Amino acid sequence: MSLGLRLHPPRRVLELLGLVATAALLMARLDLATLAAGLGLFLWGMTHLEEAIKRLSGGTLDRWLAEATASTPRAIAMGTLSTALVQSSSLVTLLAMSFVGAGLIALPGAIALLFGANLGTTTGAWLIAAFGLKLSLSHYAMPLLALGLLGSRLLKGSMAGLAGLSLGVGLLFLGIDFMKLGFESVQSGLSLDGLSGARFWHWPLLVLFGVAATVVMQSSHATLLIILAALASGQLPYLPALAIAIGANIGTTVTALIAGLGAGAAGRRLAGAHLIFNLITACVALALLLPLAWLVDQLALLIGMEATAWPLKLALFHTLFNGLGILLMLPFIPRLARLLERLIPEPTHLPPAEARYLDDTALTHADTALAALEQESRRLERRAYHVLCEAILVPSAEVLGHPPAQEVVQAPIAADDWPAVNTRYHERLKPLLAELLNFYARIDVPLTEDQQARLEALYGRSVRMVEAVRFGEVLQRSLLRHAAVASPLREAHDALRQAVAEGLNRLANDPDARDIEAPLEEVRQHWQHELADRLRSHRLDAWLASSLLNDLHQASRLLAALVPSPSNIPPERPTTA
């Protein structure tokens with residue numbers, strides 16, 4: 001046993017040894033510690049920045065992206081603009097995956113959105129090269145950090161979002177300055193002058209390095225920051241820096257691929273499109289590295305850029321090859337979408353109660369979470385309507401498709417033809433309801449007041465739908481007892497069933513209908529008088545009369561549970577393209 005432990009130390013021991021070794025190295029090399037601190041601050045700032053933007057947008061960014069897919073050029077432009085504003089292509093990518101998974105946008109529009117996000121992410125390189133490497137950003141970082149820290153403790157709501165924005169920007173600024181300082185302190189061991197580009201086989205290795213760095217840090221911005229800082233300090237030659245930037249573009253697809261593992265077929269298709277686009281773009285850029293570098297030099301001369309402004313030239317190269325990738329792939333978006341739909345089909349083996357839209361990717365943002373809940377709530381309602389038709393012993397095809405005919409309601413009833421409502425509830429409704437409630441409990445993103453109201457209304461509507469089915473269960477048992485044509489109450493129960501069927505038909509055609517109880521109220525009033533007459537003339541047993549009154553009451557409770565009141569109607573969603 002002890003020998004086994006020596007040969008195979010536990011994973012935690014290995015992790016601890018790795019941390020100790022890393023700490024020892026950083027303590028021995030202050031320059032490397034400064035680099036690591038700058039990178040950590042930068043990544044931490046990106047996290048705060050994304051969370052603050054989610055809180056401040058209040059669903060606005062989500063709606064913009066959903067509305068942007070009306071045309072391909074518009075989708076590309078919105079993807080570019082949104083990524084430039086939030087400085088996170090991963091955020092826009094996850095939003096697009098959520099929209100596709102929730103059925104808000106079609107796959108071709110989402111692919112175009114991703115193309116734009118790739119172009120928008122190049123603005124980060126421009127900002128770092130133009131300002132971050134030339135100014136002392138720590139001078140601006142300190143007041144931003146102070147405001148952000150104080151505001152996050154004292155403020156609430158959207159003001160807390162502004163504090164988070166200030167904190168995120170402050171951390172980004174401080175991280176950039178630490179990275180610059182660290183590279184300036186490095187004296188040896190990091191220069192890649194030997195890989196000047198004269199040997200072509202160096203470039204694929206550098207591309208792989210860019211991929212690995214971006215995968216580890218989960219941020220292409222962080223990789224570009226390292227490249228730009230090393231380039232500005234003379235630690236990295238120009239051509240290898242271009243190759244590493246190409247690798248960073250490939251590495252950024254990992255976030256989408258990881259998210260795609262927990263997504264449905266639509267989300268996996270979009271993750272595949274992201275990978276295909278970035279791989280093709282990277283291959284073209286690597287094959288044309290020298291011609292593109294020459295073109296960058298010519299454009300730099302044309303716009304008056306200094307010949308030795310290597311960081312700015314890298315930013316121009318980054319924009320150029322991403323733009324080239326869009327031009328190459330733009331005509332093939334519809335074909336790419338069809339190919340991915342063929343390669344990643346919708347699953348056909350799922351049990352009927354399994355949710356279709358409740359992907360983990362939808363939980364990332366408020367609007368997509370609500371859209372997914374709305375889609376699944378509609379599925380739950382449709383199933384509940386079918387079960388309620390079985391509760392009143394009328395085929396759902398005769399109720400939901402068109403107003404029920406009297407001949408259908410008055411037809412002979414065979415008890416064996418109707419499954420118990422309780423059985424149908426456990427087969428068709430309870431599993432889906434459980435998934436809805438679990439998804440509802442897992443929503444942990446900032447919500448506006450309207451979003452919170454929609455969420456509570458959706459939750460309440462699903463619960464009331466199941467409550468109506470429970471009333472239907474009691475009603476079905478009584479109806480089956482009086483299903484014989486010769487039953488003294490068969491006529492009354494047929495009228496009851498007809499009235500409930502009419503109410504269900506109205507509600508299925510108009511979810512906001514308010515008058516679904518009117519036909520049943522007429523039946524109730526008629527049979528109250530009729531029961532009194534029959535009891536007075538001894539034509540009906542009081543026990544049977546009380547049974548009918550109870551059935552009328554159960555039917556009223558069933559319909560009342562379905563009637564949407566002003567307090568439980570979800571606020572109208574903005575129309576999306």
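A quick note: this is a predicted structure, and the numbers were derived from the prediction, not measured.
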Quiz item: Side-chain contact, heavy-atom cut-off 4.5 Å: Glu374 with Arg454?
Solution: yes

Quiz item: Which pair of non-hydrogen atoms, one from Thr214 and one from Thr252, has the smallest distance, and what is that distance?
Solution: CG2-N, 3.6 Å

Exercise. Step by step, work out the side chain to side chain contact (heavy atoms under 4.5 Å, CB included) result for Leu562 and Arg464.
Key: CA-CA 7 Å; Leu562 299 176; Arg464 284 191 309 277; over 6 Å; no

Self-check item: Working for side chain to side chain contact (heavy atoms under 4.5 Å, CB included), residues Leu363 and Asp444
Solution: CA-CA 8 Å; Leu363 288 166; Asp444 187 25; over 6 Å; no

Quiz item: Any side-chain heavy atom of Asn550 within less than 4.5 Å of one from Ser478?
Solution: no

Exercise. Provide the closest heavy-atom pair for Val409 versus Asp494 in the form atom of the first, atom of the second, distance.
Key: CG1-O, 3.3 Å

Quiz item: Could you state the interatomic distance from CD (Glu517) to CD (Glu522), rounded to the nearest 0.5 Å?
Solution: 12.5 Å

Exercise. Return the set of residues passing side-chain hydrogen bond (donor to acceptor under 3.5 Å, both in side chains) with Asn278 (not counting sequence neighbours), or none when no residue passes.
Key: Asn118

Quiz item: Between Glu376 and Arg379, is there a side-chain N and carboxylate O pair less than 4.0 Å apart?
Solution: yes

Exercise. List the steps and the verdict of side chain to side chain contact (heavy atoms under 4.5 Å, CB included) for Leu507 and Tyr385.
Key: CA-CA 9 Å; Leu507 196 58; Tyr385 290 147; 3.3 Å; yes

Quiz item: Hey, does Phe471 have a side-chain heavy atom less than 4.5 Å from the side chain of Leu559?
Solution: no

Practice problem: Over all heavy atoms of both residues, which pair between Asn509 and Leu400 is shortest? Give the atoms and the distance, please. | Solution: OD1-O, 4.1 Å

Quiz item: Should Pro334 and Pro108 count as side-chain neighbours, where that means a heavy-atom distance under 4.5 Å?
Solution: no

Quiz item: Partners of Tyr459 by ring-ring contact (aromatic ring centres under 6.0 Å, His included), sequence neighbours excluded?
Solution: Tyr440

Quiz item: Less than 4.5 Å apart, any side-chain heavy atom of Ile413 and any of Trp418?
Solution: yes

Quiz prompt | Gap between atom CG of Leu432 and atom CG of Leu380 - 0.5 Å precision | solution = 5.0 Å

Exercise. Would you check if Ile392 and Leu504 make a side-chain contact, meaning some heavy-atom pair closer than 4.5 Å?
Key: yes

Quiz item: So, do His553 and Leu549 sit near enough that their side-chain heavy atoms are less than 4.5 Å apart?
Solution: no

Exercise. Starting at CG of Leu336, measure out to CZ of Phe277 and round the result to the nearest 0.5 Å.
Key: 10.5 Å

Quiz prompt | From CA spacing to verdict: side chain to side chain contact (heavy atoms under 4.5 Å, CB included), Leu113, Ile76 | solution = CA-CA 5 Å; Leu113 207 61; Ile76 292 174; over 6 Å; no

Exercise. List for me each residue that meets ring-ring contact (aromatic ring centres under 6.0 Å, His included) alongside His493, sequence neighbours excluded, and say none if there are none.
Key: His482

Self-check item: Ala372 to Phe439 - nearest heavy-atom pair and separation
Solution: CB-CZ, 4.3 Å

Practice problem: Working to the nearest 0.5 Å, report the span between CG of Leu531 and CG of Leu535. | Solution: 6.0 Å

Self-check item: Those residues that, when tested against Arg470, pass side-chain hydrogen bond (donor to acceptor under 3.5 Å, both in side chains) (two or more places apart)
Solution: Asn422, Glu473

Quiz item: Heavy-atom count around Arg539 CZ within 6.0 Å, excluding the residue itself: above 12?
Solution: yes

Quiz item: Tell me, do Arg506 and Pro519 make a side-chain contact under 4.5 Å, heavy atoms counted?
Solution: yes

Quiz item: Between atom CG of Leu393 and atom CG of Leu480, what is the distance when rounded to the nearest 0.5 Å?
Solution: 5.0 Å

Self-check item: Intermediate values then yes/no, side chain to side chain donor-acceptor pair (under 3.5 Å), Thr253 and His274
Solution: CA-CA 6 Å; Thr253 63; His274 195 202; 5.6 Å; no

Quiz item: For Gly120 and Thr123, which heavy atoms make the closest approach, and how far apart are they?
Solution: O-OG1, 2.6 Å

Practice problem: Report the distance from atom CG of Leu479 to atom CZ of Arg490, rounding to the nearest 0.5 Å. | Solution: 9.5 Å

Self-check item: Side-chain (Ser537) to main-chain (Asp533) donor-acceptor, under 3.5 angstrom
Solution: yes

Quiz item: Just one of His529, Gln528, Glu521 clears the side chain to side chain donor-acceptor pair (under 3.5 Å) bar with Gln525, so which one?
Solution: Glu521

Practice problem: Looking only at non-hydrogen atoms, find the nearest pair between Gly472 and Val421 and report the distance. | Solution: O-CG2, 4.2 Å

Quiz item: Checking Ser556 side chain against Leu552 main chain: does a donor-acceptor pair fall under 3.5 Å?
Solution: yes

Practice problem: May I have all residue pairs that pass salt bridge (Lys or Arg N to Asp or Glu O under 4.0 Å) and include part of residues 389-402, sequence neighbours excluded? | Solution: Glu390-Arg424

Practice problem: Taking salt bridge (Lys or Arg N to Asp or Glu O under 4.0 Å) as the test, write out the residues that go with Glu467, two or more places apart. | Solution: none

